[in-house]
Amino acid sequence: MSAVLFTALVDDAGLFPPTSLHMDDALARHRRDQERGCAVLTHRFLCPTGRLDGLRREDFVPRRVGLIVDTPELPPFDDLPVDLVEIRPADDTPVAVVAGRVARGLPAGVRLFVEVPAGPAPGDVPDGVGLKVRCGGPTGDAFPAVEHLAAFIRSCADRRIPFKATAGLHHAVRHFDPSLGVERHGFLNLVLAVCDAVEQRDPAPVLRTSDAARLVQQARSVPADTARRARELLVSYGSCSTTTPVADLKELGLIEEDA
């Protein structure tokens, strides 16, 4: 099994639901994670643009910051170590139009990801722009069907469009959530679905399975080159917990140490 598969996989979304930490608590947790240096974490702190002033008031500055645009305009951020910007269009604005408005003003080295619905990737994604897909939310209808998520992954792989994932990926393996009455997508399922897609296989079957033993066996057999290409596509995913993903991978025997 290639270590690349799970390296720098999890962004810190502690400010977001359902955890919704206060800024000082979120930064204190992030600082502890950064000091421990767990390789599964990206050590990127996700922050809404509407809360940048709160971030600036704190003494601790994360090593990397990802901006989630929730303001009408993208505010200045030259004083912060921002390496990506994620935006969810308010309507059906084409990706190319959103990218044209935002990307031209970004400093060199800052990547833009535009959120789109699960399904085949839009045909107007400019070079250098990535996509973002939502895998769940507070209600059952926020969880995309396996077929829609598989179509998104397959089209990104075919066209080599990098993407990020967000929401709903609370555990490694797909499982039923009785409180919402839906099957939650697993982040391990997602990673392996991308591996299948880069090898020209249908990603739907592995997205659909809740067989942990099967997923572990597949993860251990992923060739190093496949893992590398898969992770070039799947940049990372946001998690409100930074301990659960690591604990799940340890329990499954897919990583041995926290750091």
Side-chain angles (χ1 to χ4, degrees), residues 2 4-11 42 44 46 66-69 83-106 108-136 142-169 185-208 218-219 222-238:
S2 173
V4 172
L5 209 55
F6 306 117
T7 298
L9 178 64
V10 183
D11 289 333
T42 63
R44 178 187 292 117
L46 300 182
L67 295 186
I68 313 299
V69 180
D83 66 348
L84 58 81
V85 171
E86 305 175 24
I87 186 167
R88 184 180 189 179
D91 47 31
D92 295 328
T93 305
V95 171
V97 174
V98 176
R101 292 173 183 167
V102 178
R104 69 166 64 98
L106 295 181
V110 177
R111 305 173 71 181
L112 174 66
F113 292 83
V114 180
E115 183 172 333
V116 297
D124 63 339
V125 182
D127 289 344
V129 173
L131 298 178
K132 178 179 174 181
V133 66
R134 193 166 292 271
C135 297
F143 290 78
V146 162
E147 293 76 15
H148 296 165
L149 187 55
F152 174 83
I153 293 169
R154 188 162 51 243
S155 61
C156 287
D158 289 345
R159 294 164 51 196
R160 299 183 180 179
I161 302 172
F163 72 93
K164 295 184 81 269
T166 189
L169 299 166
H185 297 289
F187 71 81
L188 178 57
N189 299 72
L190 179 69
V191 170
L192 294 176
V194 181
C195 291
D196 280 348
V198 300
E199 292 190 340
Q200 301 298 308
R201 294 192 299 270
D202 182 3
V206 75
L207 283 174
R208 189 176 288 111
Q218 181 172 340
V222 173
D225 183 63
T226 298
R228 177 187 59 78
R229 290 188 292 144
R231 289 304 314 281
E232 286 174 354
L233 284 175
L234 175 57
V235 175
S236 59
Y237 80 92

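Start at 1 with the first residue, then count along the sequence. The figures that follow rest on heavy atoms only: side chains count, while hydrogens, waters and symmetry mates do not.
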>> Has R159 got a side-chain atom pairing as donor or acceptor with A121's backbone, closer than 3.5 angstrom?
In response: yes
Nearest heavy-atom pair of [X] and [Y]: which atoms, and what distance?
{"X": "R44", "Y": "G66", "value": "CG-N, 3.6 Å"}
{"X": "A150", "Y": "P203", "value": "O-CG, 3.6 Å"}
{"X": "L5", "Y": "A227", "value": "CD1-CB, 3.8 Å"}
{"X": "C135", "Y": "H185", "value": "O-CD2, 3.5 Å"}
{"X": "L131", "Y": "F113", "value": "O-CD2, 3.3 Å"}
{"X": "G119", "Y": "S155", "value": "O-OG, 4.3 Å"}

Do [X] and [Y] come close enough that some side-chain heavy atom pair is under 4.5 Å?
{"X": "V133", "Y": "T166", "answer": "no"}
{"X": "R134", "Y": "R88", "answer": "yes"}
{"X": "S236", "Y": "V10", "answer": "no"}
{"X": "E86", "Y": "E115", "answer": "no"}
{"X": "P223", "Y": "E199", "answer": "yes"}
{"X": "L192", "Y": "V222", "answer": "yes"}
{"X": "L190", "Y": "L234", "answer": "yes"}
{"X": "N189", "Y": "L169", "answer": "no"}

> With respect to R111, which candidate in D83, V235, V85 satisfies the side-chain contact (heavy atoms from CB on, under 4.5 Å) definition?
Replying inline: V235
> Does R154 pair with E147 as a salt bridge, N-O distance under 4.0 Å?
Replying inline: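 Looking at R154 and E147, the cut-off is not met.
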> Salt bridge between K164 and D11, side-chain N to carboxylate O under 4.0 Å?
Replying inline: yes
> Mind checking what makes side-chain hydrogen bond (donor to acceptor under 3.5 Å, both in side chains) contact with T7, not counting sequence neighbours?
Replying inline: none
> Between F187 and Y237, does a ring-ring contact (aromatic ring centres under 6.0 Å, His included) hold up when you go through it step by step?
Replying inline: CA-CA 8 Å; F187 71 81; Y237 80 92; 5.4 Å; yes
>> Using 0.5 Å steps for rounding, measure from the CG atom of L9 to the OG1 atom of T42.
In response: 8.5 Å
> Could you state the interatomic distance from CG (L84) to CG (L67), rounded to the nearest 0.5 Å?
Replying inline: 8.0 Å
> Could you walk me through whether Q218 and D196 pass the side-chain contact (heavy atoms from CB on, under 4.5 Å) check?
Replying inline: CA-CA 10 Å; Q218 181 172 340; D196 280 348; 3.1 Å; yes
>> Atom CG of residue position D91 - does it have more than 12 heavy atoms of other residues, nucleotides or ligands inside 6.0 Å?
In response: yes
> Where do Q200 and D158 land on the side-chain contact (heavy atoms from CB on, under 4.5 Å) test, with the steps shown first?
Replying inline: CA-CA 8 Å; Q200 301 298 308; D158 289 345; 4.0 Å; yes
>> Pair L233, I161 - check side-chain contact (heavy atoms from CB on, under 4.5 Å), show working.
In response: CA-CA 6 Å; L233 284 175; I161 302 172; 5.6 Å; no
